[in-house]
Q: 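The following block contains the structure, expressed as structure tokens.
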Amino acid sequence: MAEGPQPKRKREEEEGEKNGGTATQGGAGAAFALSDLRVRRVLRESARDKIVFLHAERVGLSGEGTDAVVILEKTPFQEEKIPDLLKKPMNAELQMHNDIYCTFYLSPPPELSEIKATVVYPATEKHIQKYLRQEVHLIRETWEDYKNITLPFIQSQSFSIQWVYNILEKKAEADRIVHENPDPSNGFVLVPDLKWNQNQLEDLYLIALVHRREIKSLRDLTAEHLPLLRNVLQEGKEAIVKRFGVPGSQLRIYLHYQPSYHHLHVHFTALGYDAPGSSVERAHLLADVIDNLAMDSTYYQKRALTFPLRADEPLFKKFQEAGKV
């Protein structure tokens with residue numbers, strides 16, 4: 001699921017189309033080449049994910065520039081082409097040799113070193129802000145903070161979760177349902193997350209959506225909900241091993257706090273997959289949640305919870321105004 005307070009299941013479709021290095025403005029303008037774009041600044045980059053977001057512009061005949069966002073991403077290795085990396089002639093520069101370890105920098109041929117370029121053109125200020133690097137802050141939310149800051153903020157927003165209800169009512173994605181327990185109190189629906197294309201198990205990602213609509217997040221859970229949570233944990237694991245052959249010991253099963261949308265849901269991801277939001281600042285293992293509630297029914301109404309917020313998020317500004325940051 002997407003980060004931030006506004007729920008979005010689908011990644012925004014970026015304008016732009018690769019066609020021999022050319023793209024068409026809005027589907028109606030003259031085609032242009034990537035070389036027509038001039039880089040203005042780096043918005044954000046990730047060394048881990050091998051991706052960079054650029055603010056660029058295309059200068060027209062009048063001399064005025066039109067903003068664009070360019071996303072450059074190194075494509076994953078293709079297993080069938082890996083042997084060619086060592087066989088094909090290429091420049092291999094030795095960088096380091098120490099005992100049994102050597103480091104080389106390779107310059108592979110173009111077919112083995114592709115970069116995916118996504119272009120948003122024309123780009124609005126909203127697009128630029130979306131990809132701009134933002135400071136991230138850790139918030140330590142007490143129960144009083146939740147009641148006085150977070151909950152009023154959630155209640156004041158008009159976040160649509162109609163897509164959740166459409167799945168639960170089988171008005172949408174009914175053919176994607178992997179498992180359902182129809183019990184209105186202790187049941188749920190298990191569906192693949194849209195970030196997973198279901199072509200490989202390395203990045204397996206499913207979501208369990210509970211039928212009960214009044215449970216917004218971890219903060220609402222008490223011992224009353226233990227039968228529901230245990231059903232999600234046990235039946236979810238059984239459904240995944242039956243359909244995909246992945247045992248529960250190779251799954252990361254967790255809830256987000258803060259969640260990206262306020263209808264209780266549980267994430268099931270492959271243990272080896274570094275899924276978005278699976279870091280310790282935001283993810284709470286479902287098995288631990290069950291144990292905590294079994295020990296103390298009001299555990300999540302007592303303890304402080306830590307979560308990250310970007311500096312541009314409205315909820316962060318609420319914590320700032322309350323003097324909590």
Side-chain angles (χ1 to χ4, degrees), residues 1-11 49 136 154 159 161 163-168 172-173 176-181 186-213 215-221 225-293 300 305-309:
M1 299 294 171
E3 301 288 341
Q6 178 64 38
K8 295 181 181 178
R9 288 201 78 218
K10 297 183 179 179
R11 296 178 181 177
D49 298 325
V136 180
I154 292 170
F159 300 148
I161 54 173
W163 65 268
V164 173
Y165 302 150
N166 288 343
I167 293 175
L168 295 176
E173 304 188 41
R176 288 166 47 82
I177 293 176
V178 173
H179 174 76
E180 179 181 17
N181 179 328
N186 300 320
F188 66 99
V189 167
L190 183 68
V191 293
D193 188 276
L194 291 183
K195 287 186 285 292
W196 182 38
N197 60 19
Q198 301 184 61
N199 289 336
Q200 62 283 320
L201 297 178
E202 288 79 4
D203 57 346
L204 176 143
Y205 200 148
L206 296 98
I207 297 289
L209 302 166
V210 305
H211 282 299
R212 295 179 65 163
R213 301 190 180 191
I215 314 173
K216 294 182 292 297
S217 74
L218 198 60
R219 284 293 192 192
D220 294 322
L221 293 175
H225 304 110
L226 283 172
L228 166 62
L229 299 176
R230 286 169 175 150
N231 282 350
V232 171
L233 181 63
Q234 187 59 35
E235 294 179 24
K237 290 192 293 186
E238 291 173 355
I240 289 173
V241 73
K242 181 178 180 180
R243 174 72 68 89
F244 304 107
V246 178
S249 60
Q250 294 181 333
L251 295 174
R252 182 187 294 111
I253 307 169
Y254 56 97
L255 297 85
H256 280 155
Y257 193 81
Q258 285 279 324
S260 55
Y261 54 95
H262 290 89
H263 177 101
L264 190 73
H265 57 284
V266 178
H267 302 255
F268 289 74
T269 65
L271 189 58
Y273 173 43
D274 187 14
S278 61
S279 59
V280 66
E281 305 97 309
R282 195 174 176 209
H284 298 255
L285 292 174
L286 178 57
D288 290 344
V289 171
I290 290 172
D291 285 349
N292 291 335
L293 292 173
Y300 291 102
L305 294 174
T306 301
F307 54 88
L309 286 176

Q: Working to the nearest 0.5 angstrom, can you tell me the gap between His284 NE2 and Glu281 CD?
A: 10.0 Å
Q: I need the Leu255 CG to Tyr300 OH distance, nearest 0.5 Å.
A: 8.0 Å
Q: To the closest 0.5 Å, what do you measure between NE2 (His262) and CG (Asp220)?
A: 9.0 Å
Q: Please determine whether side-chain contact (heavy atoms from CB on, under 4.5 Å) holds for the pair Val232 and Ile253, giving the CA-CA distance in whole Å, both sets of side-chain angles, and the decisive distance to 0.1 Å.
A: CA-CA 10 Å; Val232 171; Ile253 307 169; 5.7 Å; no
Q: Kindly say whether the aromatic ring centers of Phe188 and His179 come within a distance under 6.0 Å.
A: yes
Q: Does the side chain of Leu264 reach to within under 4.5 Å of the side chain of His225, using non-hydrogen atoms?
A: no
Q: Return the minimal non-hydrogen interatomic distance between Pro308 and Val136, and the atom names on each side.
A: CB-CG1, 3.8 Å
Q: Mind checking whether Glu238 and Gln234 have side chains closer than 4.5 Å, heavy atoms only?
A: yes
Q: Distance-only, no hydrogens or angles: does the His263 side chain make a donor-acceptor pair with backbone N or O of Tyr261 under 3.5 Å?
A: no
Q: Do you know the tightest heavy-atom contact between Leu190 and Ala239?
A: CD2-CB, 4.1 Å
Q: If we only count heavy atoms from C-beta on, is the His211 to Val189 side-chain gap below 4.5 Å?
A: yes
Q: Is the NZ or CZ atom of Arg219 positioned over Tyr257's six-membered ring, under 6.0 angstrom from the centre and within 45° of the axis?
A: yes
Q: Stepwise, does the side-chain contact (heavy atoms from CB on, under 4.5 Å) test hold for Leu194 with Arg176?
A: CA-CA 10 Å; Leu194 291 183; Arg176 288 166 47 82; 3.3 Å; yes
Q: Rounded at 0.5 Å granularity, tell me how far CD1 in Ile167 sits from CD1 in Ile177.
A: 7.5 Å
Q: For the residue pair Arg282 and Ser260, establish whether any side-chain heavy-atom pair is separated by less than 4.5 Å.
A: yes
Q: Give, for atom CG of Leu209 and atom OH of Tyr165, the distance between the pair rounded to the nearest 0.5 Å.
A: 11.0 Å
Q: Side chains of Asp193 and Thr269: closer than 4.5 Å at any heavy-atom pair?
A: no
Q: Grab the two heavy atoms, one from Leu221 and one from Leu293, that are nearest each other, plus how far apart they are.
A: O-CD2, 3.7 Å
Q: Grab the two heavy atoms, one from Pro259 and one from Ser217, that are nearest each other, plus how far apart they are.
A: CG-CB, 4.0 Å
Q: Please work out whether the ring planes of His267 and Tyr254 are parallel, tilted or perpendicular, with thresholds of 30° and 60°.
A: parallel
Q: How long is the span from the CD atom in Gln198 to the CG atom in Asp203, to the nearest 0.5 Å?
A: 10.5 Å
Q: Step by step, would you call Leu233 with Val289 a side-chain contact (heavy atoms from CB on, under 4.5 Å)?
A: CA-CA 11 Å; Leu233 181 63; Val289 171; over 6 Å; no
Q: Is there a side-chain contact between Leu251 and Leu204 in this structure, where contact means two heavy atoms from C-beta onward sitting under 4.5 Å apart?
A: yes
Q: Arg252 side chain to Tyr273 main-chain N or O, any donor-acceptor pair under 3.5 Å?
A: yes
Q: Can you find a heavy atom in the side chain of Glu173 that is under 4.5 Å from one in the side chain of Asn166?
A: no
Q: Distance-only, no hydrogens or angles: does the Arg212 side chain make a donor-acceptor pair with backbone N or O of Asn186 under 3.5 Å?
A: no
